[in-house]
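See structure below.
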Amino acid sequence: MTCADVRKIVGTSCVNYITGKEAHASPTCCAAVHDLQARTPTTEMRRLACNCLKTEATQIKNIQDQLLAALPGQCAVSLSFRLSVDIDCATYAFMYIYN
């Protein structure tokens, strides 16, 4: 798994939701979230994906942190932590809870 892989999986599918342009995460966005979760089974892979997404997020204007935090719930993915642009990937990326 590389940052290029993460970008390919997620792309821009969730941007409209996390910037408030759409009221709900699209099916395409949620499919990407589930795909990324399935492709990152180890702590190391989740940390890498987290750091890649955090870097990508710096390139997106107007991310609304409350919408980012709501994304797992919108896509029926359970996490034991709150998603945020300020997340510490080294601390939290290992804490996925799989349904």
Side-chain angles (χ1 to χ4, degrees):
M1 178 72 61
T2 66
C3 284
D5 296 327
V6 172
R7 280 191 300 275
K8 185 176 179 181
I9 294 166
V10 178
T12 59
S13 60
C14 297
V15 171
N16 284 340
Y17 173 69
I18 63 173
T19 58
K21 293 177 183 172
E22 292 179 354
H24 302 283
S26 69
T28 303
C29 169
C30 289
V33 169
H34 283 274
D35 191 23
L36 184 62
Q37 185 182 39
R39 291 177 185 235
T40 54
T42 68
T43 298
E44 182 179 328
M45 293 171 95
R46 288 189 293 270
R47 284 186 180 145
L48 179 125
C50 178
N51 281 309
C52 294
L53 291 171
K54 194 171 174 179
T55 299
E56 290 294 314
T58 65
Q59 305 301 314
I60 301 169
K61 294 181 182 182
N62 303 319
I63 290 179
Q64 296 182 31
D65 208 45
Q66 73 276 14
L67 295 177
L68 185 59
L71 184 60
Q74 286 275 316
C75 295
V77 173
S78 296
L79 301 177
S80 61
F81 57 91
R82 184 181 186 278
L83 283 183
S84 169
V85 293
D86 298 319
I87 191 169
D88 178 357
C89 296
T91 301
Y92 295 110
F94 69 94
M95 300 175 81
Y96 276 97
I97 298 176
Y98 292 96
N99 291 332

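Every heavy atom of this structure was used, including side-chain atoms; hydrogens, water molecules and symmetry mates were not. Remember, it's a predicted structure, so these values are computed and weren't measured experimentally. Just so you know, residue 1 is the first one in the sequence shown, and it goes up from there.
Scanning both residues, Pro72 and Ala69, for their nearest heavy atoms gives CD-O, 3.4 Å. When every heavy atom of Arg39 is checked against every heavy atom of Ile9, the shortest pair comes out as CD-CD1, 3.3 Å. Minimum interatomic distance between Ser13 and Cys29 (heavy atoms only, all atoms of both residues): O-CB, 3.3 Å.
Residues Thr55 and Cys3 are not in side-chain contact: their nearest non-hydrogen atoms beyond the backbone lie 4.5 Å or more apart. Side-chain contact between Met1 and Val6: present, with at least one pair of heavy atoms (C-beta onward) separated by less than 4.5 Å. No side-chain heavy atom of Cys52 sits less than 4.5 Å from a side-chain heavy atom of Arg7. For the pair Thr19/Lys61, no side-chain contact is recorded, criterion being any heavy-atom separation below 4.5 Å from C-beta on. Residues Val33 and Leu36 have side chains not in contact (no heavy-atom distance under 4.5 Å, counting atoms from C-beta outward).
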> Are Cys89 and Ile87 close enough, and set up right, to give a side-chain contact (heavy atoms from CB on, under 4.5 Å), and what steps lead you there?
Replying inline: CA-CA 6 Å; Cys89 296; Ile87 191 169; 4.0 Å; yes
>> Pair Lys54, Val85 - check side-chain contact (heavy atoms from CB on, under 4.5 Å), show working.
In response: CA-CA 6 Å; Lys54 194 171 174 179; Val85 293; over 6 Å; no
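Distance check: Tyr17 OH to His24 NE2 gives 8.5 Å after rounding to the nearest 0.5 Å. Note that CE of Met45 and SG of Cys50 are 14.5 Å apart. Values are rounded to the nearest 0.5 Å. Here Ile60 contributes atom CD1 and Ile18 contributes atom CD1; the two are 4.5 Å apart, rounded to the nearest 0.5 Å. In this structure, Thr43 OG1 and Leu48 CG are separated by 12.5 Å, a value rounded to the nearest 0.5 Å. One distance of note links OG1 of Thr40 with CG of Asp5; it measures 11.5 Å at 0.5 Å rounding. Atoms CG and NZ, from Asp35 and Lys8 in turn, are 10.5 Å apart once rounded to the nearest 0.5 Å.
Looking at Asn51, its side chain does come within 3.5 Å of a backbone N or O of Arg47 through a donor-acceptor pair. In this structure a side-chain-to-backbone donor-acceptor pair under 3.5 Å is missing from Thr12 to Val15.
Counting non-hydrogen atoms of other residues, nucleotides and ligands closer than 6.0 Å to CD of Glu44 gives a total of 12 or fewer.
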